[in-house]
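Worth saying up front: this structure is predicted, and the values here are computed from it rather than measured. Sequential numbering from 1 along the given sequence is applied to the chain's residues.
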Amino acid sequence: MKQKTLARWLQAVLIGIALCGGIFYFLVLPEIGREEVRMYPEYAYCFWPWLGFLWASGVPCYGVLVLGWRIAADIGRDRSFTPDNARRLKWVAWLAAGDSLFFFGMNLLYGFLGMNHPGVLLGSLAVEFAGVCVAVAAGALSHLVGKAAALQEQSDLTI
């Protein structure tokens, strides 16, 4: 597969993820919240704090998509192994780790405030674990891309 074709596929996937995320965050989550309020009206005061928390947790995800778009654009220009891409992957790792920490901390805070069920807290550990996995993978890729960029630079200088 050529670099431009690969970059276009990556960008198409990123657009699909962004659209699915938008549908999830702005249509599905509010509807789930409204349904919960209809079923349990005594928890209506939790609707907006939870919705705001979940929207805030989505912001770093869109930051990762922007960084992914820039990486895909560099791949399309045949600049896969660059220090810029290594830096972007490091930012992806930091955003994923920060989002996981934020998600865990807010779940604990809402638990202490009586706005969370212990089952939700335990279930959210899967989301937090996935974020940590993304952070570790992006950190490892950042390190490898950085090393490959250094090797490529050395190779370019010797030719």
Side-chain angles (χ1 to χ4, degrees), residues 1-33 49-111 116-159:
M1 185 179 302
K2 293 185 178 185
Q3 297 288 97
K4 282 193 179 237
T5 306
L6 177 61
R8 286 195 180 126
W9 275 104
L10 288 171
Q11 288 173 334
V13 167
L14 291 171
I15 289 170
I17 292 170
L19 290 174
C20 289
I23 290 168
F24 179 73
Y25 279 108
F26 294 107
L27 296 177
V28 174
L29 282 178
E31 187 55 39
I32 289 172
W50 264 97
L51 192 59
F53 155 58
L54 292 172
W55 283 346
S57 73
V59 171
C61 299
Y62 280 91
V64 167
L65 290 176
V66 168
L67 292 169
W69 186 272
R70 290 181 179 170
I71 290 170
D74 274 355
I75 289 171
R77 289 189 293 265
D78 202 20
R79 297 182 57 231
S80 302
F81 301 110
T82 63
D84 286 341
N85 283 343
R87 234 181 339 274
R88 289 176 186 134
L89 285 166
K90 187 177 280 190
W91 269 104
V92 168
W94 281 108
L95 285 170
D99 196 30
S100 294
L101 187 63
F102 171 72
F103 203 80
F104 181 71
M106 288 301 290
N107 265 298
L108 280 179
L109 176 66
Y110 282 177
N116 197 357
H117 188 274
V120 172
L121 179 64
L122 289 174
S124 71
L125 289 177
V127 173
E128 292 143 12
F129 180 72
V132 169
C133 289
V134 168
V136 169
L141 282 172
S142 171
H143 176 74
L144 293 173
V145 168
K147 283 185 160 265
L151 286 173
Q152 187 173 11
E153 185 178 319
Q154 285 177 357
S155 174
D156 290 344
L157 291 175
T158 58
I159 293 179

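F81 CZ: 12 or fewer foreign heavy atoms inside a 6.0 Å radius. Within a 6.0 Å radius of CD in E153, other residues, nucleotides and ligands contribute 12 heavy atoms or fewer.
Between F104 and L125 the shortest side-chain heavy-atom distance falls below 4.5 Å. Counting heavy atoms from C-beta on, the side chains of W94 and P60 never come closer than 4.5 Å.
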Would E128 and V132 satisfy side-chain contact (heavy atoms from CB on, under 4.5 Å), going step by step from the backbone distance to the final call? CA-CA 6 Å; E128 292 143 12; V132 169; 5.6 Å; no
side-chain contact (heavy atoms from CB on, under 4.5 Å) assessment of R8 paired with T5: CA-CA 5 Å; R8 286 195 180 126; T5 306; 5.8 Å; no
Test log, rule side-chain contact (heavy atoms from CB on, under 4.5 Å), inputs L67 and L95: CA-CA 10 Å; L67 292 169; L95 285 170; 3.9 Å; yes
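S155 places no side-chain N or O within 3.5 Å of a backbone atom of L151 that could act as its donor or acceptor partner. Using a distance-only test at 3.5 Å, with no hydrogens or angles considered, a donor-acceptor pair links the side chain of N85 to the main chain of R79.
When every heavy atom of A72 is checked against every heavy atom of A7, the shortest pair comes out as O-CB, 3.1 Å. Taking all atoms of both residues into account, the shortest heavy-atom contact from A135 to A97 is CB-N, 3.7 Å. Contact record, G139 with A93: N-CB, 3.6 Å, taken as the closest heavy-atom pair. For the pair A86 and S142, the tightest heavy-atom approach, listed with the atom from each and the gap, is O-OG, 2.7 Å. Of all heavy-atom pairs between G21 and Y62, the closest is C-OH, 3.1 Å. Across every non-hydrogen atom of W69 and Q11, the tightest pair is CZ3-CB, 3.4 Å.
Separating the OG atom in S80 from the CG atom in L6 is a distance of 7.5 Å, to the nearest 0.5 Å. A distance of 9.5 Å separates OG1 of T82 from CD1 of I75, quoted to the nearest 0.5 Å. Taking NE2 from H143 and NZ from K90, the interatomic distance works out to 10.0 Å, rounded to the nearest 0.5 Å. Atom CG of L29 and atom CD of E31 lie 11.0 Å apart (nearest 0.5 Å). Considering CD1 of I32 and CG of L27, their distance stands at 11.0 Å, rounded to 0.5 Å.
Among V134, D99, I17, the one residue that satisfies the side chain to side chain contact (heavy atoms under 4.5 Å, CB included) test with C61 is D99.
Among residues two or more places apart in sequence or in another chain, the ring-ring contact (aromatic ring centres under 6.0 Å, His included) test is passed with F53 by W50, F102, F103, Y110.
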